[in-house]
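Below you'll find the structure, written out as structure tokens, and then a few comments.
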Amino acid sequence: PPKIRVLLIDDSLLMRKAIQKALALYQDIEVAGTAKNGQEALAIIPQINPDVITLDVNMPVMDGITTLKHIAVQFPKPVIMLSAFTQEGAETTFDCLTLGAMDFICKPSQAEGQIEDQVEALVSKIRLCAKLRLKAASRMRVQKTNMQESQDITARPHAGKIVVMVGGEGSDGAYLRIIPYLLKSIPCSIVACQQMDAKIFPSFCQYLDKYSRIVVKQIQHNDLLKKGVCYFLNAPISCSLQKTMLGTACHLGPCPGNFQQSLDAMLQAAATIFSAQTVGVLLTGKEYPREGLRTIKRAGGMVLAQNPTTCLNPDNIYGALDSGCIDKLIAEDDMPAMLWHLLRETK
């Protein structure tokens with residue numbers, strides 16, 4: 001089979017050489033070209049026709065965000081961001097994921113040993129991205145309105161409806177393209193499950209809270225589910241939902257088995273407590289909580305899934321489709337409107 005052709009865009013010559021040297025060890029990947037800034041990259045993309053592009057966030061002449069916008073419209077190729085994950089770098093990286101970058105890795109320091117530590121993760125993402133066939137973006141959709149305001153969550157009414165969203169590798173961008181567009185008045189609680197580096201996760205939640213109409217927070221032990229609040233759970237923490245006299249409580253603990261088993265248990269608990277007022281949403285990733293999704297269906301709830309053609313890792317969605325667990329496949333851009341429609345019509 002033909003090798004996966006990669007274009008490396010980074011202003012650091014040392015970084016380009018180190019990554020190129022590391023990727024040369026993999027027989028199914030070749031570095032088809034390198035560029036030191038976005039302007040140089042855009043000039044050579046038509047010539048080398050890469051399958052996957054790695055893109056530095058901060059560069060002179062043309063930065064990562066501007067380059068990404070041009071790539072999305074002119075040369076729709078899957079892009080993996082390389083981010084120096086400072087607080088400022090985190091916000092820019094999340095902007096890039098919102099604009100359509102498929103995934104990111106934290107940019108290693110220029111010590112070659114540390115670069116090698118990241119290569120395995122990068123190679124995995126390159127192989128997944130190479131399977132994607134993207135369409136040119138007709139519009140660049142990014143909500144950059146600071147929505148953050150002081151809100152007393154405890155004063156909000158308890159949720160009588162719930163959306164449970166399950167995402168794995170590559171779902172960061174999906175969440176960033178869905179959560180900020182949910183209406184403030186959405187009549188439910190949202191519990192969103194993610195798998196992310198624990199050092200990055202707080203910045204991810206803060207970014208979503210800052211630019212979303214609804215409240216977004218890291219889930220805490222004994223949180224009571226409230227309307228208009230999204231509670232984010234990061235693996236390998238497990239959450240069990242329990243109905244109490246005060247409302248539906250989130251009880252956190254270590255995963256009793258693997259993460260998929262804990263997701264099954266949480267989805268089953270949601271369906272038991274909220275019955276037909278439950279909506280499950282399956283996003284890109286490896287985890288496929290079959291029993292949990294089936295329980296939602298048996299309770300009269302709905303199960304939506306991200307369109308697999310836009311997924312970095314669609315295996316879980318194809319598995320759910322094959323077993324009949326999915327009611328509708330929805331594009332990311334259409335997910336907020338679909339959730340509003342479903343929740344308003346659910347009696």
Side-chain angles (χ1 to χ4, degrees), residues 2-26 28-86 88-112 114-137 140 142 170 172-173 176 312:
K3 291 187 176 184
I4 300 169
R5 296 170 59 78
V6 178
L7 169 62
L8 307 177
I9 311 173
D10 197 301
D11 64 326
S12 164
L13 175 61
L14 185 60
M15 185 65 68
R16 294 196 304 272
K17 284 187 172 181
I19 295 176
Q20 187 167 8
K21 180 181 176 182
L23 292 181
L25 300 175
Y26 295 83
D28 59 333
I29 295 172
E30 68 172 324
V31 175
T34 64
K36 62 180 178 290
N37 59 59
Q39 190 177 82
E40 190 176 289
L42 293 174
I44 64 171
I45 288 174
Q47 301 168 24
I48 66 173
N49 191 28
D51 299 303
V52 180
I53 296 170
T54 71
L55 179 59
D56 187 14
V57 172
N58 297 308
M59 299 180 294
V61 184
M62 183 183 289
D63 64 18
I65 286 186
T66 307
T67 306
L68 179 65
K69 290 177 180 177
H70 283 287
I71 291 171
V73 174
Q74 296 174 251
F75 316 107
K77 305 283 185 181
V79 175
I80 301 167
M81 304 305 301
L82 300 183
S83 167
F85 229 89
T86 59
E88 299 76 18
E91 178 139 338
T92 306
T93 301
F94 296 143
D95 286 347
C96 289
L97 291 171
T98 304
L99 287 166
M102 297 310 301
D103 210 340
F104 72 94
I105 66 165
C106 293
K107 192 172 185 178
S109 80
Q110 295 186 345
E112 194 170 321
Q114 289 179 300
I115 288 173
E116 288 175 353
D117 291 342
Q118 290 284 57
V119 166
E120 193 172 330
L122 178 58
V123 167
S124 172
K125 294 179 192 299
I126 287 172
R127 286 171 175 160
L128 290 170
C129 281
K131 299 175 184 177
L132 294 168
R133 295 295 176 265
L134 305 181
K135 295 180 181 178
M140 301 309 296
V142 58
D172 320 346
L176 289 163
L312 184 65

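The first residue in the sequence is number 1, and the count goes up from there.
Interatomic distance, CG of Leu97 versus OG1 of Thr92, reported as 11.0 Å (0.5 Å rounding). Distance check, rounded to the nearest 0.5 Å: CD of Gln20 to CG of Leu13 gives 10.0 Å. Leu68 CG to Lys77 NZ: the interatomic distance, rounded to the nearest 0.5 Å, is 14.5 Å. Once rounded to the nearest 0.5 Å, the distance linking NZ of Lys69 with CG of Asp95 reads 8.5 Å. To the nearest 0.5 angstrom, Ile105 atom CD1 is 12.0 Å from Glu120 atom CD.
By the 4.5 Å heavy-atom criterion applied to side chains, Val79 and Thr67 are not counted as neighbours.
Lys125 is linked by a side-chain hydrogen bond (donor to acceptor under 3.5 Å, both in side chains) to Asp103, Glu169, counting only residues two or more places apart in sequence or in another chain. In this structure Arg16 satisfies the side-chain hydrogen bond (donor to acceptor under 3.5 Å, both in side chains) test with no other residue, sequence neighbours excluded. Checked against side-chain hydrogen bond (donor to acceptor under 3.5 Å, both in side chains), Thr66 has the following partners two or more places apart in sequence or in another chain: Asp63.
Applying side-chain contact (heavy atoms from CB on, under 4.5 Å) to Leu7 and the options Val52, Asp51, Asn49, Ile44 leaves one that passes, Ile44. Remark: of the listed residues Asn58, Thr54, Leu55, Ile9, Thr54 is the sole one forming a side-chain contact (heavy atoms from CB on, under 4.5 Å) with Leu82.
Closest of all the heavy-atom pairs between Lys36 and Met59 is O-SD, 4.2 Å. The two atoms that bring Pro50 and Ile45 nearest to each other are CD-O, 3.6 Å, heavy atoms only. Counting all heavy atoms, side chain and backbone alike, Cys129 lies closest to Ile80 at SG-CG1, 3.8 Å. Counting all heavy atoms, side chain and backbone alike, Met81 lies closest to Cys96 at CE-SG, 3.5 Å. Residues Ala35 and Glu40 approach most closely at CA-OE2, 3.2 Å, considering heavy atoms. For the pair Arg5 and Glu30, the tightest heavy-atom approach, listed with the atom from each and the gap, is NH1-OE2, 3.4 Å.
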Point to revise | side chain to side chain contact (heavy atoms under 4.5 Å, CB included) evaluation trace for Leu23 with Ile126 | key: CA-CA 10 Å; Leu23 292 181; Ile126 287 172; 4.1 Å; yes

**Study point:** Stepwise side chain to side chain contact (heavy atoms under 4.5 Å, CB included) check, Leu42 with Ile71
**Key:** CA-CA 7 Å; Leu42 293 174; Ile71 291 171; 4.0 Å; yes

Check your understanding: Is there a side chain to side chain contact (heavy atoms under 4.5 Å, CB included) between Phe75 and Ile53 once you walk through the steps?
Key -> CA-CA 11 Å; Phe75 316 107; Ile53 296 170; over 6 Å; no

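For the pair Thr98 (side chain) and Phe94 (backbone), a donor-acceptor distance under 3.5 Å is present.
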